[in-house]
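Input: a single structure, listed below in structure tokens.
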Amino acid sequence: MQFQMGGLVLIVGLLFSLGSYAVLSKMAENDSERALQLITAESGNAVNHLLQPAATLLNLLSNVPDLKTGSEQDWVYRLPAQASLLRDNKMLNSVYVGGPQGQFLLLRTLRNQEDRNRFNAPPEARWELQIQRINKEEGEDQYWVSLDEKLKVLGRQRATFGSKFDSRTRPWYQASKERDGVLRTKVYQFYSTGKYGVTLAKSMGQGWVIAMDIMLDSIEPELTRLAKAYTARISLLEENGVTISTDHGDKDGVAFFKSLVDTNQTGADSTFKWMVDPKGQSWWVGEAIVPLEQFAGIKLHIAVLRDKLLAKALYLRNLLLIATLVLTVLTLLIAHRNASRFASVFQVLAERASALINFDFRHFKFTGTSIKEIAQLEDGLEQARKTSSNFLHLLEKVSRESNIEKLLPLVLEETSDVAQGENAWLYIYDGTEWVLRAQRGDAVDRDWLPEWLKLPANIRSDNPSTVISVEDHFAMMIPLAGRRGQKLGLLIIERTSPFSELHQNFAVALSGFAALTLESREMIAQQKMLFESFIKLIAEAVDAKSPHTGGHCHRVPILTEWLVELASVSEAQCVANFKLDSEMREAVHIAAWLHDCGKVVTPEYVVDKATKLETLYDRIHEIRMRFEVCKREEELAVWKSTYPQGLPESATEQLLVELKTLDDDFAFIAQCNLGSEVVSEEVLDRIKKVAARTWTRTLDDRLGLSHEELKRRAGRGSDILPTQEYLLSDQPEHKIARPLSQSFSDDNPWGFKMQVPELLYDRGEVKNLSISRGTLTDEERYKINEHIVLTIKMLEAMPFPRHLANVPEIAGGHHERTDGRGYPRAVPASSLSIPARMMAIADVFEALTATDRPYKVGKTIEESLEIMHKMAQGGHLDLELFELFAKSELPARYKREFLGN
């Protein structure tokens with residue numbers, strides 16, 4: 001009933017509001033028509049006020065005989081008077097006369113620099129005089145004379161345009177010949193300035209016409225004043241539709257009225273009409289003829305925005321609507337208050353039921369009704385509210401708790417509360433024995449587990465719950481099983497009163513959470529153990545490839561974790577925002593152990609390369625053999641070239657010199673094979689000199705080779721044996737091409753920015769011996785560095801959970817530099833996490849102090865820190881984090897645990 005009354009009031013109010021709005025809208029339209037008449041009359045007066053003085057001046061000038069003599073001297077003589085007219089009347093732009101022979105004399109005001117630039121006038125020019133066909137010595141050309149403020153000549157020049165101008169062809173001249181009096185041309189474009197305006201002209205007789213130009217923008221201020229006064233848009237137009245001026249004085253006003261006409265193709269039978277602009281706004285648009293005294297044919301367009309026109313009507317309509325709504329609400333409140341008590345009780349019950357449906361478990365006050373059936377229904381709804389609330393409360397706690405170890409006591413407590421237990425125990429079964437994992441309530445001497453184990457096996461397995469009573473104490477035993485039926489644990493709830501069937505059923509239902517929690521805990525623990533074993537297995541596999549780096553993948557993770565723990569407790573500014581929680585600690589642990597997993601595919605002979613010529617074996621043995629051959633060949637050559645029966649003393653001495661040279665050269669090459677010295681230019685020259693020695697090969701070196709190696713030798717051609725070969729050489733077969741699969745483009749999905757060498761390996765003997773530092777070629781050094789590329793690819797391909805999503809970044813960033821010149825991504829320090837920068841410090845520190853490398857001797861702690869300090873200053877390491885590490889006790893701790901001294 002209350003809704004019917006409110007609806008009736010609402011309908012009446014709406015009808016009243018809409019009727020009032022229609023009446024007021026019509027009144028506003030009538031007001032607009034009256035306003036159009038006022039604006040039209042006032043606009044006509046304004047235009048007359050602008051044009052009438054100019055017309056009067058034109059009548060006066062037409063009677064001055066000196067202006068139609070065609071003499072420049074007469075025209076200049078009258079310049080002060082003409083300049084005064086232009087100076088006093090801002091709407092006039094120029095005054096001029098045209099003669100029957102095409103004579104043309106014009107005085108123009110230069111209002112700004114734009115006008116001066118157009119006529120090439122100097123900066124101080126104020127007036128411009130245009131003269132054509134006046135002076136016979138100047139012929140037909142038009143001349144410009146620049147004048148200053150006092151009409152002093154500043155310069156005279158031939159016009160840059162207008163030489164073909166003929167005043168007799170202009171519309172003002174043509175019209176003046178056909179009629180008497182002052183006439184106004186239609187809007188047209190001026191020849192000299194290119195601007196639009198109208199011309200007032202009058203015939204002076206004998207083919208002479210005097211005229212004045214009026215710019216359209218001179219009318220614009222008055223129209224702007226009218227538009228502002230009436231909050232409207234105004235435009236003056238010719239009869240043919242050409243715009244004379246608008247209240248804006250620019251193309252915006254022209255486009256505005258044109259868009260209204262184009263958008264609304266309506267008939268012209270009404271004075272006013274509604275129009276919609278392209279933006280969707282409604283305008284009340286009117287059109288009228290402006291009543292001018294001398295110049296007919298001007299129309300006025302006025303447009304008023306609908307919202308402004310109907311503002312009062314809209315305000316009253318909204319006021320009436322608000323009043324109607326208020327009256328409707330008051331009616332509904334009164335009807336609701338006067339409703340019967342019976343309906344009120346059912347409304348409360350409906351709200352309770354709706355709240356349960358929408359999972360709203362807030363407490364409702366009882367209605368206190370005396371109707372028995374309604375009271376029973378209230379009790380049932382209250383019991384359902386409590387049960388559902390407890391159940392969902394448990395669900396919420398379980399879903400929010402991320403620590404699996406905390407879930408067991410939580411599930412035990414909630415399940416015990418539901419069953420109204422006084423004490424509770426939760427045992428888990430690990431396959432061999434029962435272990436108590438959670439307990440609630442005061443400790444008691446009774447142990448219910450043995451009591452349950454005494455029961456027959458079929459009772460324990462077949463029943464969802466079993467109740468045992470001992471000395472007025474009751475215990476409900478609920479076995480917990482996994483989804484595959486495996487035995488997980490036992491839930492025991494004790495109290496001093498018997499358990500109802502309702503409590504048993506609900507406790508059994510909730511015990512599924514305990515079983516799910518136990519099973520999840522078991523699965524997570526097993527998966528973590530498996531994953532931990534897996535990552536350590538990878539690290540051990542990397543270390544196992546090389547006995548010389550066997551401890552690297554073990555020491556770097558430990559040192560990295562030390563550094564991260566140090567940063568979490570340090571008060572240094574560089575780690576002020578660093579927070580270390582359990583998830584970050586786990587991510588750092590995994591990333592540190594997997595930071596070199598890409599080395600699984602790095603050839604161990606490259607990782608362990610101890611000399612420059614070593615590949616799968618050290619090729620110095622081959623070279624030594626060649627030296628031996630050279631020694632033998634020298635000895636044989638001397639024998640053959642001298643006495644077969646024996647060598648004289650001089651030949652023996654020569655042989656000894658040659659053999660000594662070979663011994664020295666081999667010793668030199670053997671020394672160069674070591675990577676401990678920096679190769680100088682002198683050393684390089686000697687290497688090339690030694691390499692140039694030849695030896696004789698009598699066997700085909702392509703026999704017994706693999707298909708791939710034969711392909712690399714294909715460019716050499718066949719040798720005629722025996723042949724001479726260099727002692728050391730860089731052969732085509734030494735260059736191993738890089739497979740396309742091992743390259744990546746600049747826009748690769750991993751963001752790698754490493755320079756990939758063209759070759760996979762270059763085993764040229766001279767090239768390897770000429771390595772400037774260390775033992776590795778560029779290709780081999782890239783192969784070493786490539787392990788981080790493979791590490792990132794392997795880790796980003798793994799489906800890490802969300803809290804471990806930053807493992808690839810931490811593990812793959814320990815070779816980046818703070819100055820952005822590291823590898824493989826060459827990212828700046830701001831893009832690297834603190835754990836990644838710390839792992840870089842740990843990796844360098846371990847490499848410097850390691851004593852198990854075949855190509856170097858381990859540095860002391862002090863030497864290593866000094867080297868790293870220089871690296872940090874050079875942008876290799878994070879300087880602030882390094883100083884935090886260097887000033888801590890971690891270097892000494894590392895020395896005690898890993899260096900043994």
Practice problem: Give the C-alpha distance, both sets of side-chain angles, the deciding distance and a yes or no for side-chain contact (heavy atoms from CB on, under 4.5 Å) between F882 and K887. | Solution: CA-CA 9 Å; F882 166 73; K887 295 176 182 179; over 6 Å; no

Exercise. Determine, step by step, whether R440 and N423 satisfy the side-chain contact (heavy atoms from CB on, under 4.5 Å) criterion, reporting the C-alpha distance in whole Å, the side-chain angles of both residues, the deciding distance to 0.1 Å, and the verdict.
Key: CA-CA 5 Å; R440 184 190 182 211; N423 299 294; over 6 Å; no

Exercise. Test F578 against V564 for side-chain contact (heavy atoms from CB on, under 4.5 Å), laying out the working first.
Key: CA-CA 9 Å; F578 179 65; V564 172; 3.9 Å; yes

Practice problem: For the pair H876 and T818, evaluate side-chain contact (heavy atoms from CB on, under 4.5 Å) and give the outcome as yes or no after the intermediate values. | Solution: CA-CA 6 Å; H876 192 110; T818 55; over 6 Å; no

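The minimum heavy-atom distance linking S570 with A572 is given by the pair OG-N, 3.1 Å. Residues L426 and L436 approach most closely at O-CD1, 3.5 Å, considering heavy atoms. When every heavy atom of S831 is checked against every heavy atom of E809, the shortest pair comes out as O-OE2, 4.0 Å. The minimum heavy-atom distance linking R495 with G421 is given by the pair CB-CA, 4.3 Å. I493 and F499 make their closest contact through O-CZ, 3.4 Å (heavy atoms, listed as atom of the first residue, atom of the second, distance). The two residues L865 and A886 make their nearest non-hydrogen contact at CD2-CB, 4.3 Å.
In this structure, NZ in K895 is found 10.5 Å from OG in S864, a value given to the nearest 0.5 Å. Interatomic distance, CD1 of I468 versus NE2 of H473, reported as 14.5 Å (0.5 Å rounding). Interatomic distance, CG of L491 versus CD1 of I428, reported as 13.5 Å (0.5 Å rounding). Distance check, rounded to the nearest 0.5 Å: CD of E883 to OG of S888 gives 12.0 Å. The distance from atom CD1 of I558 to atom CG of L890, rounded to the nearest 0.5 Å, is 12.5 Å. How far CG of L879 is from SG of C574: 9.5 Å, rounded to the nearest 0.5 Å.
Using a 4.5 Å heavy-atom cutoff, the side chains of I492 and M476 are not in contact. A heavy-atom distance below 4.5 Å is not found between the side chains of I478 and L490. Counting heavy atoms from C-beta outward, M584 and K579 have side chains that stay 4.5 Å or more apart. Contact annotation: the side chain of T849 never approaches that of T860 to less than 4.5 Å [non-hydrogen atoms, C-beta and beyond]. Contact annotation: the side chain of H814 never approaches that of V556 to less than 4.5 Å [non-hydrogen atoms, C-beta and beyond]. Side chains of L563 and L884 form no contact here, defined as non-hydrogen atoms less than 4.5 Å apart. Side-chain contact between S497 and F474: absent, with no pair of heavy atoms (C-beta onward) separated by less than 4.5 Å. Two residues are said to be in side-chain contact when any heavy atoms from C-beta on lie closer than 4.5 Å; S465 and M477 fail this criterion.
The environment of CG in D581 is crowded: more than 12 heavy-atom neighbours from other residues, nucleotides or ligands sit within 6.0 Å. Atom CD of Q573 has 12 or fewer heavy atoms from other residues, nucleotides or ligands within 6.0 Å.
A donor-acceptor contact shorter than 3.5 Å is absent between the side chain of E866 and the backbone of E863. Judged by distance alone, the side chain of R837 and the main-chain N or O of L877 form no donor-acceptor pair under 3.5 Å.
Test I834, I810, N806 against V588 for side-chain contact (heavy atoms from CB on, under 4.5 Å) and you get one pass: I810.
Sequence neighbours left out, the pairs with a member in residues 557-567 that pass salt bridge (charged side-chain N to carboxylate O under 4.0 Å, His left out) are E565-R585.
A cation-pi contact, defined as under 6.0 Å to the ring centre and within 45° of the axis, links R893 to W562.
By the 4.0 Å N-to-carboxylate-O rule, E846 lies close enough to R555 to be salt-bridged with it.
Every residue two or more places apart in sequence or in another chain that forms a ring-ring contact (aromatic ring centres under 6.0 Å, His included) with Y894 is listed here: F845, F898.
In this structure, W434 has its ring center closer than 6.0 angstrom to the ring center of Y429.
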